[in-house]
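Quick note on labels: first sequence line is chain A, next is B, and so on, each numbered from 1.
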Amino acid sequence: MSEVLTKIIVDCFTGEQSIVPLTPEEISEREQIAISFAEAEAARQAEEAAKAAAKASAEAKLAALGLTPEEIAALR
Amino acid sequence: MTMSLIQTVTLPSTTNAISFSTIPGTYKDLYLIFSVRGTDAATRVPFIMTFNNNSSSYSGVRGYAFEGGLGADSGTSYTYIPLSSINSAGVSANIFSPGEVYIFNYAANTSKTAKSMYMASNTSSSSFVLGLGHHGWANSSAVTSIQLYPLPGNGDLVAGSTASLYGIK
């Protein structure tokens, strides 16, 4: 990635505003943030998939007991 | 209660982040309001906040309504505050996303909390999100700087994006 990421710093004491490149530390921090977001998102999606699978399994078992689709829907 | 403008900024060009620095510790609370838009090709992108360039010990819960229904998320070990979603290049030109954050007892030597509201939308009901958030930062340092930027990997902020920081007494 060749883009130079910049930030605008607003000094609340002097009122001075300046646009500067992100420091290597800030770039590294952003990379860590992106990684942690990706990990959290993957965990969230896995949790949703597990819930969906459990729901489908439960509905299949109810159907096997003889409940109609309408009766299963009424339980939701 | 009185509210005083500390500083306001409007981006003159595409910029990744807005950073309010050297925030005076003379107020009780802080109030931050923004109107921003991202450069990424997506319809909207996550917009995040950190205090003092710190990337640990954040927590929070958000509830939101969007074109797909209702949603909520929460966490106790965030590396940032997941503040909001903002419009990006995938929505009609020049539509920005507003939001606001109230930061309680920012100068105290206790954990910090904040409340936020935000909205991102296009010109029809086919694309929108509006939400409310409660955020925490388990850190006893006074908040002396605030950073705002799209989630890394999701582009920059367009020129014309603006943010204002107020002090509350």
Side-chain angles (χ1 to χ4, degrees), chain A residues 1-60 62-63 69-76, chain B residues 4-27 30 39 45-46 48 50 53-56 58 71-82 143-157 159 161-167:
Chain A
M1 188 171 68
S2 60
E3 179 195 8
V4 176
L5 297 177
T6 59
K7 62 179 177 181
I8 189 165
I9 300 174
V10 184
D11 189 312
C12 293
F13 183 72
T14 65
E16 183 180 347
Q17 300 184 5
S18 55
I19 296 178
V20 300
L22 297 187
T23 65
E25 290 77 17
E26 288 171 328
I27 292 171
S28 176
E29 178 185 288
R30 279 160 169 68
E31 290 171 350
Q32 289 303 312
I33 285 175
I35 290 170
S36 70
F37 176 82
E39 290 173 347
E41 186 65 9
R44 186 189 65 77
Q45 291 179 356
E47 184 179 341
E48 283 188 359
K51 285 181 180 176
K55 181 172 178 288
S57 174
E59 289 178 349
L62 290 171
E70 292 75 17
E71 289 170 330
I72 294 172
L75 292 173
R76 290 175 187 154
Chain B
S4 305
L5 178 64
I6 298 175
Q7 285 295 332
T8 188
V9 60
T10 300
L11 298 186
S13 58
T14 297
T15 306
N16 181 257
I18 296 170
S19 177
F20 289 99
S21 70
T22 328
I23 297 171
T26 52
Y27 299 96
L30 294 175
T39 62
V45 297
I48 68 176
T50 60
N53 280 307
N54 187 281
S55 56
S56 64
Y58 297 103
D73 53 46
S74 63
T76 56
S77 57
Y78 290 131
T79 54
Y80 53 87
I81 292 175
V143 174
T144 56
S145 70
I146 296 173
Q147 297 74 42
L148 299 162
Y149 48 95
L151 183 77
N154 290 270
D156 299 312
L157 299 173
S161 294
T162 183
S164 297
L165 183 66
Y166 293 85

Item to check | side chain to side chain contact (heavy atoms under 4.5 Å, CB included) between B:T22 and A:T14, intermediate numbers included | outcome: CA-CA 9 Å; B:T22 328; A:T14 65; over 6 Å; no
Item to check | A:T6 portion near chain B, given a 4.5 angstrom heavy-atom threshold | outcome: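 For A:T6, the contact with chain B is made by backbone and side chain together.
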Item to check | Residue part contacting chain B, namely of A:I27, when any heavy atom lies under 4.5 Å | outcome: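 Contact with chain B: none, neither part.
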Item to check | Residue of the set A:E26, A:R30, A:K7 for which side chain to side chain contact (heavy atoms under 4.5 Å, CB included) holds with B:N16 | outcome: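 Of the listed residues A:E26, A:R30, A:K7, the side chain to side chain contact (heavy atoms under 4.5 Å, CB included) partner of B:N16 is A:R30.
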Measuring from atom [atom1] of [X] to atom [atom2] of [Y], what distance do you get when rounded to the nearest 0.5 angstrom?
{"X": "A:Q32", "Y": "B:T79", "atom1": "CD", "atom2": "OG1", "answer": "8.5 Å"}
{"X": "A:T23", "Y": "B:N53", "atom1": "OG1", "atom2": "CG", "answer": "7.5 Å"}
{"X": "B:Y149", "Y": "A:L22", "atom1": "OH", "atom2": "CG", "answer": "8.5 Å"}
{"X": "B:S19", "Y": "A:I19", "atom1": "OG", "atom2": "CD1", "answer": "12.5 Å"}

Next on the checklist: I want to check something: taking the side chain as every heavy atom from C-beta on, are A:I9 and B:S145 in contact at a cut-off of under 4.5 Å?
Outcome noted: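 The answer is no; the side chains never approach within 4.5 Å.
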Checklist entry - Are B:P152 and A:L5 close enough that some pair of their side-chain heavy atoms sits under 4.5 Å apart? => result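 Not in contact.
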Checklist entry - Are the side chain of A:Q17 and the backbone of B:T10 linked by a donor-acceptor contact shorter than 3.5 Å? => result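 No, the answer is negative, given that no donor and acceptor are paired below the 3.5 Å cut-off.
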Segment of [X] engaging chain A (4.5 angstrom heavy-atom cut-off):
{"X": "B:S13", "answer": "side chain"}
{"X": "B:P82", "answer": "neither"}
{"X": "B:F20", "answer": "both"}

Checklist entry - If you count heavy-atom pairs under 4.5 Å between each of B:L151, B:I48, B:L165 and chain A, which one has the most? => result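 Top option by heavy-atom pairs under 4.5 Å: B:L151.
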Next on the checklist: Can you tell me which of A:G15, A:A34, A:A40 forms the most heavy-atom pairs within a distance under 4.5 Å of chain B?
Outcome noted: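 Of the options given, most contacts go to A:G15.
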